[in-house]
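Some notes on the structure that comes next.
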There are 2 protein chains.
Amino acid sequence: MELNEGKNKFIEAWGIFGSEWGINRTMAQIHALLLVSAEPLSTEDIMEELNVSRGNVNMNTRDLITWGIVSRVLKKGERREFFQADKDIYKVAIKIMNERRKRELGPVLETLRELKQVKGNTTEAREFKRVVADISSFGENTDKMIERMVKADENWFTGSLMKFLVK
Amino acid sequence: MELNEGKNKFIEAWGIFGSEWGINRTMAQIHALLLVSAEPLSTEDIMEELNVSRGNVNMNTRDLITWGIVSRVLKKGERREFFQADKDIYKVAIKIMNERRKRELGPVLETLRELKQVKGNTTEAREFKRVVADISSFGENTDKMIERMVKADENWFTGSLMKFLVK
DNA sequence: TTAAACTTTCAAAATATATTGAAAGTTTGT
DNA sequence: ACAAACTTTCAATATATTTTGAAAGTTTAA
């Protein structure tokens with residue numbers, strides 16, 4: 001397979017994978033394109049490569065930046081901005097997990113904490129509280145686990161954790 | 001908070017959380033409703049509780065069944081089927097992870113394996129293959145990790161793993 | 001064998017999400 | 001201060017996904 005065909009296949013695969021996990025296709029594709037580009041790309045480069053509009057590229061690059069996995073870079077002598085993806089996949093994975101932890105897991109955990117306060121001592125109420133407490137405890141542990149991953153260094157992640165889990 | 005209000009809040013929260021993770025809202029809500037119901041529910045019960053159509057309930061309950069986290073039950077003397085969710089949240093989480101592994105991770109890993117065969121020995125081609133190999137290795141490890149979780153017993157999950165990660 | 005009780009299907013409609021692109025806004029160099 | 005070069009915004013449009021509900025299909029009991 002040729003390099004260019006490979007890049008296109010990667011962009012396509014990453015786009016599908018992203019959309020299966022609630023990330024919009026273009027955002028995932030821009031991320032993929034930047035991951036496999038040797039050089040940082042401009043808005044125009046991305047527009048051309050993926051056939052999407054300027055507005056779309058602007059929105060999604062900004063979004064990728066707020067996720068902390070893409071950064072703006074300046075080339076000397078150039079007025080416009082270029083974009084570049086962090087190519088360390090462990091850092092990327094941890095940043096994504098951590099952002100989703102904060103944005104999506106956080107609110108659920110808060111709701112679950114409230115729900116443990118439901119009144120009543122009937123069988124039904126106790127059963128409800130048991131289910132909620134189980135889910136809550138599972139969620140809190142997942143939350144702490146991701147927090148620890150963020151603090152740990154890459155070596156811990158690839159070394160100790162992977163050994164513990166996979167070997 | 002009263003039990004009923006609590007149940008509704010839980011159903012709402014679970015629906016939002018699900019849709020953020022690429023699971024349709026009704027499916028997540030049906031799952032939530034079954035999780036907090038003391039008794040198995042019929043199609044009609046679910047239609048009424050969530051205000052959705054018969055077709056929608058039918059599609060989504062069948063989908064939940066293929067995920068392995070909801071089962072049909074029969075009540076004696078009753079003609080129709082009732083639905084019941086597995087309330088062991090660890091089992092549920094592992095089943096969901098494992099299904100997503102098979103359905104979504106699998107195809108990506110296959111593509112990545114192909115992409116490692118890209119021709120060329122230029123700096124650009126080597127850089128591409130390095131990025132692909134990194135992502136591939138991360139993905140394969142995640143895949144193996146989930147496979148091990150499936151095989152392990154609940155105690156390993158709640159005990160050893162959580163201790164290793166969180167404590 | 002019939003019909004009532006129930007489940008499933010799927011084309012059409014509704015809803016939600018993503019994308020466009022032109023206009024407005026901003027920055028920079030002269 | 002100006003205008004060229006660039007970025008951002010957002011209402012309109014397009015696309016994708018979900019939901020509906022009536023009709024078709026199936027099962028059961030008498």
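Chain naming here is simple, since letters A, B, ... match the order of the sequence lines and numbering starts at 1 in each. Here the structure is a predicted model, which means the values were calculated and not measured.
- Residue contacts shown for R54(B) include a base, since a base heavy atom lies under 4.0 Å away.
- In summary, contact between chain A and DNA chain D, defined as any nucleotide atom under 4.0 Å from a heavy atom of the protein, begins and ends at dA4(D) to dT9(D) in the 5' to 3' direction.
- When each of V52(B) and E78(A) is assigned the nucleotide of DNA chain D with its nearest heavy atom, E78(A) is the one assigned upstream, toward the 5' end.
- Of the N and O atoms on the side chains of E104(A) and W21(B), at least one donor lies less than 3.5 Å from an acceptor on the other residue.
- Side-chain atoms of S137(B) and D134(B) form no donor-acceptor pair, as typed in the model, at a separation below 3.5 Å.
- If you measure from atom CG of N58(A) to atom P of dT20(C), you get 13 Å, rounded to the nearest angstrom.
- The nearest whole Å value for the distance from the CG atom in N51(B) to the C1' atom in dA14(C) is 16 Å.
- Remark: N24(B), T26(B) in residues 23-31 of chain B come within less than 4.0 Å of DNA chain D through at least one heavy atom.
- Aromatic ring orientation, H31(A) versus W14(A): tilted (interplanar angle from 30° to 60°).
- Residue-environment remark: CZ (R100(A)) exceeds the threshold of 12 foreign heavy atoms within 6.0 Å.
- Nearest-nucleotide positions on DNA chain D for S53(B) and T43(A) put T43(A) closer to the 5' end.
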| message | Is there a side-chain contact (heavy atoms from CB on, under 4.5 Å) between L41(A) and F83(A)? Walk through the geometry before answering. | response | CA-CA 5 Å; L41(A) 302 180; F83(A) 302 97; 5.7 Å; no
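- N56(A) and S53(A) share no side-chain donor-acceptor pair at under 3.5 Å.
- Using a 4.0 Å heavy-atom cutoff across all strands shown, R80(A) reaches sugar-phosphate atoms only and no base atom.
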| said: salt bridge (charged side-chain N to carboxylate O under 4.0 Å, His left out) for E44(A) and R54(A)? Distances and angles first, verdict last. | reply: CA-CA 7 Å; E44(A) 301 250 350; R54(A) 183 176 301 283; 2.9 Å; yes
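- A residue-by-residue look at G55(A) and G22(A) shows that G22(A) has its nearest nucleotide of DNA chain C further toward the 5' end.
- Counting heavy atoms of neighbouring residues, nucleotides and ligands inside a 6.0 Å radius, atom CD of E114(B) exceeds 12 of them.
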